[in-house]
Amino acid sequence: MNNQMELTNIGVIKDLFERHGFSFSKALGQNFLINPAVCPKIAEMGGCREGVCAIEIGTGVGVLTRELAKRCDRVIAIELDERLKPILDETLAEFDNVEVIFADVMQTELSEIVNKFGNKETVICANLPYYITSPVIMKILESRLSVKSLTVMVQREAGDRICAAPGTRESGAVSYAVRYYSKPKLLFRVNRGSFMPSPNVDSEVIKLEITNENQLPKDIEKTLFRLIRSGFSQRRKQLLNPLSAELDITKQELSDVFSELKIKPTARAEELTLENYIELARRLTTE
Ligand code: SAM
């Protein structure tokens with residue numbers, strides 16, 4: 001296997017599958033990239049270069065893994081499907097800077113992987129399995145890993161929502177949560193024909209630059225995410241309703257706090273800024 005073109009060639013992939021008796025698992029979100037332009041772009045825009053180490057989630061046949069390995073000092077990839085092992089032994093054979101861990105990313109202690117890289121700058125790059133996009137992103141952000149950025153392919157609607165500025169109609173609970181930890185940016189769009197098998201949705205690559213700007217005490221942080229989640233669970237209603245139920249306080253008490261913080265009592269979830277939610281969380285966290 002000597003160039004990237006080959007792992008995006010349908011004939012090469014089919015041959016690998018046949019020789020190793022592999023078939024796609026829909027349940028594991030296995031849509032593999034076959035557009036040769038995409039993986040080099042993810043690696044470049046994701047900050048992969050000499051002196052940098054990368055974590056990948058979900059290797060598939062290793063098409064992105066190879067691009068990361070070409071540019072980075074070291075790559076550690078996590079893949080759930082052990083049936084891919086013999087394929088990856090072949091497709092990654094020429095690299096001595098790659099390690100694949102066969103495990104569920106949701107059960108993996110990612111900080112231990114980052115620690116293996118010592119003081120080197122670390123980035124995360126992935127074409128994420130769509131069925132766990134938000135949980136994976138939130139797990140990474142909430143673990144406060146010492147990584148510079150997270151560059152991931154996600155379903156287009158999910159990416160647009162993640163990148164939507166809080167306070168806009170497109171925003172959702174995830175837009176606020178992501179912005180608490182990072183600066184999200186849409187990098188480029190990828191159409192469904194770039195994958196095999198082709199999914200019935202389009203995708204896009206987004207980059208989250210980890211900022212670590214907001215570091216509230218744990219109990220206030222917990223209230224913050226409770227407020228955001230419960231507010232958006234009934235986004236058409238005035239916030240006072242879901243929040244008073246969630247926090248078990250009267251609407252009048254909550255309305256007083258709103259007016260103290262200059263938030264209008266009729267506001268809906270998306271009308272508040274992240275700073276409004278932070279102020280509310282500070283004010284409403286009980287000792
Ligand atoms: N990176 C490859 C590519 O771009 O062609 C594969 C991307 S595919 C969308 C997602 C990959 O994640 C699959 O290989 C799948 O087996 C793997 N995967 C699914 N669930 C996982 C989990 N919980 N932990 C780790 N890997 C997972």
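Model, not experiment: these values are computed from the prediction. Values reported hereafter were calculated over all heavy atoms of this structure, with side chains retained and with hydrogens, waters and symmetry mates removed. In each ligand, atom 1 is the first atom listed, and ligand 1 is the first ligand listed.
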Subject >> Backbone of Arg192 reached by a side-chain donor or acceptor of Asp202 within 3.5 Å >> reply: yes
**OP:** Examine ligand 1 and decide if any of its atoms is less than 4.0 Å from a heavy atom belonging to Met153.
**Re:** no
Original post:
Would you say ligand 1 has an N or O under 3.5 Å from any N or O of Asn31?
Top reply: no
**OP:** Using the test side-chain contact (heavy atoms from CB on, under 4.5 Å), find all partners of Gln215 that sit at least two apart in sequence or belong to another chain.
**Re:** Arg144, Asn212
**OP:** Could you tell me whether Phe32 and ligand 1 have an N or O pair separated by under 3.5 Å?
**Re:** no
Subject >> Closest to atom 8 (S) of ligand 1 (judged by heavy-atom distance), picking from Pro135, Ala27, Gly29, Gly58 >> reply: Gly29
**OP:** Report, in ascending order of atom number, the atoms of ligand 1 lying under 4.0 Å from any heavy atom of Gln30.
**Re:** 13 (C), 15 (C), 16 (O)
Original post:
For ligand 1, is Met106 a contact, meaning one of its heavy atoms is under 4.0 Å away?
Top reply: no
Subject >> Nearest protein heavy atom with distance in Å, relative to atom 24 (N) of ligand 1 >> reply: Val105 N, 3.0 Å
Original post:
Looking only at distance, does Val61 have an N or O less than 3.5 Å from an N or O of ligand 1?
Top reply: no
Original post:
How far is atom 2 (C) of ligand 1 from its nearest protein heavy atom, and which residue and atom is that?
Top reply: Thr59 O, 3.3 Å
Original post:
Does Asp81, backbone or side chain, put an N or O under 3.5 Å from an N or O of ligand 1?
Top reply: no
